[in-house]
Amino acid sequence: MVDLGVKIGNLDLKNPVMTASGTFGYGLEFEDFFDLNRLGGFVVKGTTLHARQGNPYPRSAETPSGMLNAVGLQNRGVKYFAENIYPRLEKFQTNVLVNVSGSTVEEYVECAEVINELEHIPGIELNISCPNVKEGGMTFGTSCPSAEAVVRAVRKVYDKHLMVKLSPNVTSIEEIARAVENVGADSVSLINTLLAMAIDAESRKPLLSTITGGLSGPAVKPVALRMVWQVAQAVKIPIVGMGGIMNAADAVEFMLAGASAIQVGTAGFVDPLAPVKIVEGIEDYLKRHKIESVTDLVGSLQL
Amino acid sequence: MVDLGVKIGNLDLKNPVMTASGTFGYGLEFEDFFDLNRLGGFVVKGTTLHARQGNPYPRSAETPSGMLNAVGLQNRGVKYFAENIYPRLEKFQTNVLVNVSGSTVEEYVECAEVINELEHIPGIELNISCPNVKEGGMTFGTSCPSAEAVVRAVRKVYDKHLMVKLSPNVTSIEEIARAVENVGADSVSLINTLLAMAIDAESRKPLLSTITGGLSGPAVKPVALRMVWQVAQAVKIPIVGMGGIMNAADAVEFMLAGASAIQVGTAGFVDPLAPVKIVEGIEDYLKRHKIESVTDLVGSLQL
Amino acid sequence: MMNKTVQNLRVLSNIQLNRDHHLLELQAPVKLEQIAPGQFVNVRVEKSQSTFLRRPFSIYGVDYEKNTISLFIKDVGPGSHVLTSTPEGEEVDVVFPLGNGFSYPEENERILLVGGGFGIAPLLFFARELKKRNLDVHIHALVGARTSDDLMELNSFAQCGEVYSTTEDGSHGVKGRVTDHPALKDRLQKFDRVYSCGPEPMMEAVAAKAAAVDVFCEVSLENTMACGFGVCLCCVTDTTSGHQCVCTDGPVFNIKDLKW
Amino acid sequence: MMNKTVQNLRVLSNIQLNRDHHLLELQAPVKLEQIAPGQFVNVRVEKSQSTFLRRPFSIYGVDYEKNTISLFIKDVGPGSHVLTSTPEGEEVDVVFPLGNGFSYPEENERILLVGGGFGIAPLLFFARELKKRNLDVHIHALVGARTSDDLMELNSFAQCGEVYSTTEDGSHGVKGRVTDHPALKDRLQKFDRVYSCGPEPMMEAVAAKAAAVDVFCEVSLENTMACGFGVCLCCVTDTTSGHQCVCTDGPVFNIKDLKW
Ligand SMILES: Cc1cc2nc3c(=O)[nH]c(=O)nc-3n(C[C@H](O)[C@H](O)[C@H](O)COP(=O)(O)OP(=O)(O)OC[C@H]3O[C@@H](n4cnc5c(N)ncnc54)[C@H](O)[C@@H]3O)c2cc1C
Ligand SMILES: Cc1cc2nc3c(=O)[nH]c(=O)nc-3n(C[C@H](O)[C@H](O)[C@H](O)COP(=O)(O)OP(=O)(O)OC[C@H]3O[C@@H](n4cnc5c(N)ncnc54)[C@H](O)[C@@H]3O)c2cc1C
Ligand SMILES: Cc1cc2nc3c(=O)[nH]c(=O)nc-3n(C[C@H](O)[C@H](O)[C@H](O)COP(=O)(O)O)c2cc1C
Ligand SMILES: Cc1cc2nc3c(=O)[nH]c(=O)nc-3n(C[C@H](O)[C@H](O)[C@H](O)COP(=O)(O)O)c2cc1C
Ligand code: FES
Ligand code: FES
């Protein structure tokens, strides 16, 4: 038997496969398709202190091997989450993380404080990289001082696992990763979407209401892999890799590049069964390659 | 009749379609496929002061809707170009630009000086964005001071059209564009390739000899469009857009976003006729939309 | 109601109806449970380089005995083109059933179905279900098109009730748009419910008429979708209770809830 | 020699040779001019989401009367899979002819062709051309495979000259690899020229033998290609005169020029 278990800091995952925030709803929508307990964990949608309506329609566009989104963090606020959604998530025997966003450092902090009280939420994923909101969001994640400021402030009030989600829209993602590691991040997850744009030549209009939005899917995989590889050379904390993972081979590539676990996002739209197929595929891969523990893959790229 | 002519500063192009450096050889290789004079211009492969062997094989990898390359500026040096290649390019009745790279500011300058003497070369494309060489290359294009330094120095010795090719691997491409505009660039071209990586899960090895390389093709189009759009809001000099252009609709999108002309790169590998089909397709588009001059498209995105 | 599932369905038949419309009957490998008219499927199209996301199509009919689902597909682009070209015997990967159906009328009510283009698909499924259930409902269907060549399935609607039509060129039925037809223009109060599916401007015009005379009206929207089952929040429409997902809160909406 | 061109070729026939090898005969819409054995084509595969770049295949034969080109394709991944599944009548988009062929032997020379896997394709084309031209050349072909099931086209080679074979399991011919066959192991000096195409380790072993006894030897390389016609510089191999492109300087190289 092969061992699929991984540890991300103090988080125990039964396997390295999580699902990505904003692509998995609150998980419940996937229950018709598979048993969520088969996942190493899942990250629920981006949550903010106050409710947000998000951006106007249209919010998505298909692109070559990928898609753009401009959802803009539509959610009913952390209080609503804690009172109405959280109770339905307690039953799961897997790691349920909440993705947290804000427009100011204070908003991040207050939101994290609420989540800190939720017993069955072992960690948050701090989103300092959302390209789809006007204030805050990505701007926190594109400079070291602002990234440090928000992580440092949240760290003070949040006791459990603090995963920080990095933006790929930067000159040096290693520097940001090192900065957040230095101020107390327990892990980093990457990449969020690449800032991008689509136009309809015929109507001469942008395809998104917000003109620009975030690119995800297989198109970004080569960039995501490169960034995971770079960050793996730069920090000691665990890395959760994502960006275009469609199948087990993709997942293995991220682990070879240095990720301890991975998240599946857009793939779930194309194949709702992708997350569990990836769990099974990694197991097959390990058997085929006679590797006992999935942790042996991490960073084991042969140069 | 529709007017396809565009001006990029002092360059007159019979149509907005050029081909991209490193993807078109010296043009001669395409002569079996079409008459190069049908293009608005073409940019020959990356040229350096001294000959370079480039990187070891393997230098390319296919990725979803795109490819990676790590050619590393293999070329025989500018002297060889001037003596042996240039004479074969003089016959063309279109704009032949030379793409210039270097490891130091001095190398850029000396290379530009040689090309300044070549009567039938109306401009150079200064490559401050190549991700595939160890020293220089992209590093010049990822900070304002270094980008300014190389452009300012070349501007001093180079009289003709100076197009500066920008790197997409930056937090703010607008800032770099503004910086090179301020020190004398006549136009900017973008984007060069995105720094990326591919791994073979089975062999557990990187697919490129250099581990990381440059991503091009349709996968990057949404990122390229966004950057052209951003730069168009930031500078007054003309923009030459590229990144994943496969057909006339793609080309129109770049012009709507603000590009005065475009370059076709990777598409020529997939369809060697793509550049001329794009010229024809733009003409059709203008007729269909009853637009008299292609210049009316530039920056005319409807918000 | 049937739970959402991902299945490979086999193309039992692929019939070309006119220049660009095809009718596909798909054999399910699992027992089909109750599917509501108005629900849709989301189809993966792998044999094209420009169809990364699935393509949504209304369910046009379900045969619970043969265990098949039918789709009515217009060839408008790469995805629908590959699907309308799929030969019998091949499999297609489908997520279904998605979304919510139309609300059922009460006994003895008079209903008007107003369809255009492939919007007739869920309406005809609805009409047939009402008929099959032997509900004592008076079904009237109004189909609009540009020319008589574009009018489809009038006979099928006729088997369920009254049929009216409009064509823009007057080649069949009343000349003009659906809203020019007396059923909508003059006699709308005579109906208890109006259901519409088709191009958005058509549905908006129908909704305006229904709102004016305060008749119950449901429309089936077609926003661009990324997931189709409520996890991406990309397909929202603005409603009186904020942004709602067309894929899970719809695609059928009561016009009272829409901000049209 | 024929100029490079991009054409839609129609599949005239698609014959399955064994589990994973197919023979495709493609009808050209333009008059075929002289094509050299060793040249290759580059095929676009649009019906797959993972084949962005073209796929190169050696030319296996040209029929100048029927105006057809044949390819010998092993199904190893998405691109070759779509191609080997292409039904007769469909068109494929092909860039051809690319690269350089093998050098022709002198009259009365004895040549040895050493092939493995789909590497036999250009060698058989070469053998047939030599035969067709009635050159007074003594052709010997040595084909290696894992098992007798993997040996193909021995009869076709036999029509051009002597045939030898090796199989790793000894189920046909000499047991072992091609280099274990006496033709290569003991009698190599008796040949004037050796040509090899197949897996790179096989070609390297053949090249080493040829170099040891100083016999003329050409091999046909298969580096990964992006363009196929010399513009991207991705397919280089290291030669005594630096990096050279397999697509335009090769794919056929004299081993003297390689740094093996
Ligand atoms: C709930 C729902 C039910 C539908 N029912 C049917 C049906 O029964 N029969 C039918 O033929 N079509 C139906 N459609 C529309 C169908 O989804 C699109 O025609 C199809 O996705 C086009 O894909 P394509 O690749 O062929 O063309 P594309 O190149 O993707 O698009 C061609 C045109 O269709 C539009 N389009 C693309 N994707 C969508 C989308 N997801 N929703 C709406 N418009 C889109 C584009 O804007 C473009 O104008 C339905 C759509 C929805 C959302
Ligand atoms: C000059 C030349 C001549 C060739 N002649 C033939 C032939 O006559 N018959 C034949 O069946 N095959 C031939 N090949 C190999 C053929 O190009 C590959 O098998 C094909 O590209 C694989 O594509 P795929 O999508 O099926 O598989 P992929 O998934 O792309 O690859 C499957 C396997 O093939 C390898 N491969 C992929 N692309 C290439 C490439 N461009 N060159 C070499 N290996 C590759 C991959 O590394 C992988 O191991 C030739 C290759 C070259 C360069
Ligand atoms: C529709 C959509 C909504 C998203 N919402 C969020 C979000 O709320 N918070 C966040 O951190 N990332 C969000 N993301 C980014 C994903 O979590 C992920 O980082 C990205 O999509 C790359 O992974 P993928 O290519 O596997 O999708 C969203 C992505 C998509 C496509
Ligand atoms: C094989 C290859 C080689 C390239 N070499 C160069 C180069 O020498 N100089 C340069 O400025 N850009 C080079 N580029 C980048 C292209 O010119 C272009 O900026 C990039 O590929 C994006 O456009 P595309 O997606 O249309 O190919 C190269 C790209 C490829 C694919
Ligand atoms: S399409 Fe994803 S929520 Fe509706
Ligand atoms: S494949 Fe492009 S140069 Fe050989």
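Protein chains get the first letters and strands the later ones, always in sequence-line order, with residue 1 at the start of each.
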So which residue, Met227(A), Lys221(A), Arg288(A), Met255(A), ends up with the most heavy-atom pairs under 4.5 Å with chain B?
Arg288(A)

Please rank Arg204(A), Glu202(A), Gln302(A) by heavy-atom pairs under 4.5 Å with chain B and give me the top one.
Arg204(A)

Val252(B) versus chain A, heavy atoms under 4.5 Å apart: side chain, backbone, both or neither?
side chain

Given a strict heavy-atom distance threshold of 4.5 Å, which part of Leu68(B) is in contact with chain A: side chain, backbone, both, or neither?
side chain

Do you know which of Ser209(B), Gly66(B), Pro206(B), Ser203(B) has the most heavy-atom pairs under 4.5 Å to chain A?
Pro206(B)

Is there side-chain contact between Thr212(A) and Gln230(B), with heavy atoms separated by less than 4.5 Å?
no

Tell me if a side-chain donor or acceptor on Thr171(B) pairs with a main-chain N or O of Thr171(A) at a distance below 3.5 Å.
yes

If every non-hydrogen atom of Ala257(B) is compared with every non-hydrogen atom of Ile199(A), which pair is closest and at what distance?
CB-CD1, 3.9 Å

Exactly one of Ile211(B), Asn169(B), Leu194(B) should register a side-chain contact (heavy atoms from CB on, under 4.5 Å) with Arg226(A). Which one does?
Asn169(B)

Quick check: do Asp200(B) and Glu253(A) have side-chain heavy atoms less than 4.5 Å from each other?
no

With Val223(B), which of Leu215(A), Val220(A), Val223(A) fulfils side-chain contact (heavy atoms from CB on, under 4.5 Å)?
Leu215(A)

What residue in Gly217(A), Pro222(A), Pro64(A) has the most heavy-atom pairs under 4.5 Å with chain B?
Pro222(A)

Using non-hydrogen atoms and a 4.5 Å limit, figure out which bit of Ala198(B) sits close to chain A: side chain, backbone, both or neither.
backbone

Side chain / backbone / both / neither for Phe254(B) at chain A, heavy atoms under 4.5 Å:
neither

Looking at Leu301(A), Leu297(A), Thr63(A), Leu303(A), which makes the most heavy-atom pairs under 4.5 Å with chain B?
Leu301(A)

Chain B interface, residue from Ala224(A), Gly244(A), Ala219(A) that has the most non-hydrogen pairs under 4.5 Å
Ala219(A)

